[in-house]
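Letters A, B, ... mirror the listed sequences (proteins, then strands); counts begin at 1.
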Amino acid sequence: MGDFDLDSSFIPALYKPAESLPIANYESDILYLVDTFPVLVVVGQTGSGKTTQIPQFLRKAGWCKDGKRVGVTQPRRVAAITIAMRVAEEVGCEVGKEVGYSVRFEDSTSKSTRIKFLTDGLLIREALMDPLLSEYSVIMIDEAHERSISTDILLGLLKKIMKRRPELRIIISSATIQAKAFFDYFSPSKTPNNALKGEADKKAAAKNIVSDRNKVGSEAKGEADEETTTKDIALDRSKVESEVKGEGGAEETNADLGPVAALTVEGRTYPIDVLHLESPTDDYVKKAAETASVTIDGIVYVVDCGFTKIRVYDPFTGIESLVVTPASKASSIQRAGRAGRTKPGKCYRLYPSENYDELPDSNIPEMQRSNLAPVILQLKALGIDNVLRFDYLSPPPSQLMVKALEFLYALGALDEYAKLTRPLGMRMAELTVEPMMAKALLSAPDLGCLSEMLTVAAMTSLGGNVWFFHDNERKKMNVAGTRFAVEEGDHLTLLNAYTDFVTTEKKQPKFCHENHLNFKSMTRAVKIRAQLKRYLEQLGIAVEEPASGIPQARGRDLAKVAEQVRRCLTMGFFTHAAQMQPDGTFRAVGSEMVLHAHPTSIMFTRKADWVIFQEIMETSTKTFIRDISKIEKGWLTEYAPEYYQVQNTRRPGG
DNA sequence: GAGCACTGC
């Protein structure tokens, strides 16, 4: 069953008999609305059973005829797998037969699969192969309120696809507060949410829409029992407000009435006492914490600190930071909701109730606070050339777009007309590593070190989870103390670790344990590397592996290979160059900002001159760089002449 | 000189 842990993914709410789930009352409503409207927004809490039941309703109703499938996306792979298992059990089949799932590294589907659970990122990848997603008759986007980049992009793609495939049905499953945004987005009178559009225009457009449209209310209860009731309600705009909520009417009327319907389903929840602590002194916090408990049946007490930690990207400096921000109303409601799933519960909010009113309705979508280079590359590869005019659910700030376009141009992925270059840009988009690493990887064949760069790309994809130190050695031990450490930096150190791991008889936990490696991560690196290799081969790039997996086989000059790897890294990461100062800190070109080698880097304990680094992140105390390798200064002008000539007086940033 | 890492492909 692959690399997920069933215990941690157990979702109690899923294990209710299907007929006792609230969603059972809505079967005919849902089928009617799906039949009538191309887009259905289903509002309901986790625990309503919508994720497990709606796909089964659709299958029974004939939406899987002629070899078509119902696809259901999830933001997380564990959820896709667990829910598929549950639904297979209800349907009475093995996972991978009528009900299956597909996530990275694990495809448990077959020709007979009619209901397919998958991660939303994977569905976007499927669109690269099949732009109209033609295998699906219905696509349900679950947990859309989380507003991940993948979910947002997928909704934009579906909005385009539905124009070419009028028979396609789209179901968006969302928590209450976010529903209106989805509803408006798919309504035809809505002004497209282009990036770079004037704020005033957008506000004016939004105002009109709100004023002439029935709102997707937050307290709506769908209690229609019979199909006829639902039909009446859906067709009569004046009644939409009350129960089942439908925008517009039958298709023959599609000029001024929308193609979207909304339905609120009741979740099965119990009363929750929400207690706001007026002045959260230490005593209060302590008392609340002590009162909190988790039972086997589910969570009964929730303590909500009122904050959340989000990743924010600054387009001017290229630096990411983890920022503690007030939680949104939506997530506060969600947090409280955890308490009332199996019996009445209590939620302690560690802040006064006035503060709650001031919280934003929802979190800032990921699209509006991230480095957009990867997503722009992906959109371009999907044939969406004018990424500024793409109809974003929430348009990203123009600075983010501009920065990403400039950066992709500097990397050579886009030409001066912002068109994807071929083959480089197109190939970069196909690979599942970030643009800088993709460029480094695609530079490797010419330098004769592709096998090694593949390993480096796979190892750095682990995101820092490579090394393992026991508690008692945490303080005094770091990467520099392992047998794999080399002077040239983190990338070659990671290459050493991987090469040793895969060399005869060592692919085992014992080896990892003795050598400070995380066995699970190393196993994952093997998978990632194999997948990247497969993608390269599909792109027509042959990967020549040294005979036994050891670089020195075939008499290659090891020192030369190591240098070539560092040159490749420079070709990808030249915008992330810095020089070490006498005090051991780093400065980027043209920047005064003090950068520190992250304590997990080998450069934490080494001297260097010029380096490139993979990641830069600001914490509350310092700005850290990680995954660092030594380079020659001259390589920067050799491999990025334009960038370093034009910008030699400005900070390159990310 | 000494840390918070979430997800996903």
Which whole-number value in Å describes the distance from [X] [atom1] to [N] [atom2]?
X: A:Ile528; N: B:dG8; atom1: CD1; atom2: C1'; value: 11 Å
X: A:Arg529; N: B:dC9; atom1: CZ; atom2: C1'; value: 19 Å
X: A:Gln74; N: B:dC9; atom1: CD; atom2: P; value: 12 Å
X: A:Met617; N: B:dG3; atom1: CE; atom2: P; value: 15 Å
X: A:Gln531; N: B:dC9; atom1: CD; atom2: C1'; value: 7 Å
X: A:Leu128; N: B:dG8; atom1: CG; atom2: P; value: 19 Å
X: A:Arg147; N: B:dC6; atom1: CZ; atom2: P; value: 22 Å

With a 4.0 Å cutoff (strictly under), does any side-chain N or O of [X] reach OP1 or OP2 of [N]?
X: A:Lys309; N: B:dC4; value: no
X: A:Thr119; N: B:dC9; value: yes
X: A:Arg125; N: B:dG8; value: no

Just call it for A:Thr619: base, sugar-phosphate, or nothing, with non-hydrogen atoms closer than 4.0 Å on any strand.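 The residue A:Thr619 makes sugar-phosphate contact but no base contact.
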Select base, sugar-phosphate, or nothing to describe what A:Val103 touches, counting heavy atoms under 4.0 Å on all strands.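 Counting heavy atoms under 4.0 Å across all strands, the contact made by A:Val103 is with sugar-phosphate only.
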Side chain of A:Arg76: nearest nucleotide among B:dC4, B:dT7, B:dC9?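 For A:Arg76, the side-chain atoms sit closest to B:dT7.
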Given B:dC9, B:dA2, B:dG8, which nucleotide is nearest the side-chain atoms of A:Lys622?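 Selected nucleotide: B:dA2.
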Among residues two or more places apart or on two chains, list those pairs meeting side chain to side chain donor-acceptor pair (under 3.5 Å) that have a residue in residues 424-445 of chain A.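 Checked against side chain to side chain donor-acceptor pair (under 3.5 Å) - neighbours excluded - the pairs reaching residues 424-445 of chain A are A:Arg104-A:Thr432.
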Going by salt bridge (charged side-chain N to carboxylate O under 4.0 Å, His left out), name the residues that satisfy it together with A:Glu135, two or more places apart in sequence or in a different chain.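 Here the qualifying residues are A:Arg69, A:Lys116.
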Salt bridge or not between A:Asp152 and A:Arg147? Use side-chain N to carboxylate O under 4.0 Å.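 Salt bridge flag = yes for A:Arg147 with A:Asp152.
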Earlier contact from the 5' end, DNA chain B, for A:Glu366 and A:Pro599: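 Counting from the 5' end, the first nearest nucleotide belongs to A:Pro599.
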Determine whether A:Val303 and A:Leu350 make a side-chain contact, defined as any pair of heavy atoms from C-beta on separated by less than 4.5 Å.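 They are in side-chain contact.
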